[in-house]
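First up is the structure itself, then whatever we jot down about it.
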Amino acid sequence: MLGSAFNPPHLGHMVLAGEAKWRLGLAEVLLVPTGDSYHKDVSVDPGGRARLALTEAAIQGQEGLSVWSIEIERPGPSYTCDTLERIAELRPDSEVHLLMGADTALGFGDWHEPEGILDLARIGIAPRQGCREADVETAFEGLGGADRIEFIEMPPVGISS
């Protein structure tokens, strides 16, 4: 699962999804546009439905990528733990990987129910300039989740939304 505002979806998202699928041996990568992002103020937001449509357009023709509207449809704040619980209900035989950049991983301990997320998913982490793997490992060791992370080797992409 790759969750993001996707405001807009861009090449960095697509490279991460593709590299994670290949390097982690994933059958599918679910792109999940954020619904009500409780932790991030998005100053110019075209709305969840527009971001969902943009994300669907971005993955056209890319095998093994799909867009889920689960957070757009759910009222209230979008918590990753809730989304992962729903994915586990819908796909009980799947091992889920939550994909994120190293910059995001450094703040993972401040997320809503980080330990619950670690129970539900392995964490695939993409490199970001200025973020050291050792610092990310230390952040997850503090949560007892260092054995739940995997670093994804991928080319640097100097783009972000």
Side-chain angles (χ1 to χ4, degrees), residues 1-43 45 51 55 64-68 70-71 74 76-161:
M1 175 190 137
L2 174 58
S4 174
F6 295 109
N7 188 24
H10 55 69
L11 183 60
H13 296 123
M14 299 306 112
V15 171
L16 172 54
E19 290 292 320
K21 184 178 178 307
W22 176 54
R23 295 192 182 273
L24 300 177
L26 307 177
E28 180 181 22
V29 175
L30 311 176
L31 285 81
V32 180
T34 304
D36 176 9
S37 181
Y38 74 96
H39 66 287
K40 187 176 181 182
D41 182 31
V42 180
S43 59
D45 185 354
R51 292 184 286 103
T55 307
L65 303 184
S66 61
V67 179
W68 279 28
I70 188 170
E71 289 194 3
R74 184 176 56 229
S78 291
Y79 295 121
T80 301
C81 193
D82 295 342
T83 302
L84 290 170
E85 286 175 351
R86 184 67 179 137
I87 291 170
E89 290 171 9
L90 295 170
R91 298 206 175 162
D93 296 329
S94 296
E95 179 182 47
V96 178
H97 288 73
L98 175 62
L99 308 176
M100 66 182 70
D103 54 336
T104 301
L106 288 172
F108 183 76
D110 295 330
W111 287 28
H112 178 74
E113 297 186 29
E115 292 87 357
I117 293 170
L118 290 169
D119 287 341
L120 292 163
R122 297 190 59 75
I123 311 297
I125 302 171
R128 288 297 290 243
Q129 188 172 4
C131 298
R132 297 176 337 128
E133 283 188 11
D135 294 335
V136 173
E137 289 170 345
T138 299
F140 279 85
E141 284 170 2
L143 296 166
D147 62 332
R148 303 288 293 160
I149 65 173
E150 298 175 64
F151 291 96
I152 303 165
E153 187 177 324
M154 61 180 265
V157 179
I159 221 172
S160 92
S161 49

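Being a predicted model, the structure only gives us computed values, none of them experimental.
- Side-chain contact between W68 and L90 is present, with at least one heavy-atom pair separated by less than 4.5 Å.
- Closest approach of G35 to S78, counting heavy atoms only: N-OG, 3.0 Å.
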*Go through the steps for Y79 and E85 under the test side chain to side chain contact (heavy atoms under 4.5 Å, CB included), then give the verdict.*
CA-CA 10 Å; Y79 295 121; E85 286 175 351; over 6 Å; no
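- R23 places no side-chain N or O within 3.5 Å of a backbone atom of I152 that could act as its donor or acceptor partner.
- No option in V29, T80, L31 other than T80 meets the side-chain contact (heavy atoms from CB on, under 4.5 Å) test with M1.
- Between the side chains of R51 and T34, no donor-acceptor pair is found at a separation under 3.5 Å.
- The CG atom of L120 lies 10.0 Å from the CG atom of D82; values are rounded to the nearest 0.5 Å.
- Contact check for V136 versus L106: side-chain heavy atoms found under the 4.5 Å cut-off.
- Of all heavy-atom pairs between H13 and S4, the closest is NE2-OG, 3.2 Å.
- For R128 (side chain) and G101 (main-chain N/O), no donor-acceptor pair under 3.5 Å exists by modelled atom type.
- For the atom pair I123 CD1 and D147 CG, the distance stands at 11.0 Å (nearest 0.5 Å).
- Residue-environment remark: CD (E89) exceeds the threshold of 12 foreign heavy atoms within 6.0 Å.
- Distance CG/D103 to CD1/I125: 10.5 Å, rounded to 0.5 Å.
- For the atom pair CG (L26) and CD (E28), the distance works out to 10.0 Å, reported to the nearest 0.5 Å.
- Atom CG in L99 sits 10.0 Å away from atom CD in E150 (nearest 0.5 Å).
- A side-chain contact (heavy atoms from CB on, under 4.5 Å) with R148 is found for exactly one of D119, L118, L143, L98, namely L118.
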_Is there a side chain to side chain contact (heavy atoms under 4.5 Å, CB included) between T83 and R74? Walk through the geometry before answering._
CA-CA 9 Å; T83 302; R74 184 176 56 229; 2.8 Å; yes
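- Closest of all the heavy-atom pairs between G116 and C81 is C-SG, 4.0 Å.
- Closest approach of P33 and E71 over heavy atoms only: O-CB, 3.5 Å.
- Heavy-atom minimum distance, G124 versus L24: CA-CD1, 4.4 Å.
- Expressed to the nearest 0.5 Å, how far CD of E113 lies from CD of E115 amounts to 9.0 Å.
- The minimum heavy-atom distance between A105 and F140, with the atom names listed, is O-CE1, 3.7 Å.
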*Going through the checks in order, is the side chain to side chain contact (heavy atoms under 4.5 Å, CB included) test met by F6 and V67?*
CA-CA 11 Å; F6 295 109; V67 179; over 6 Å; no
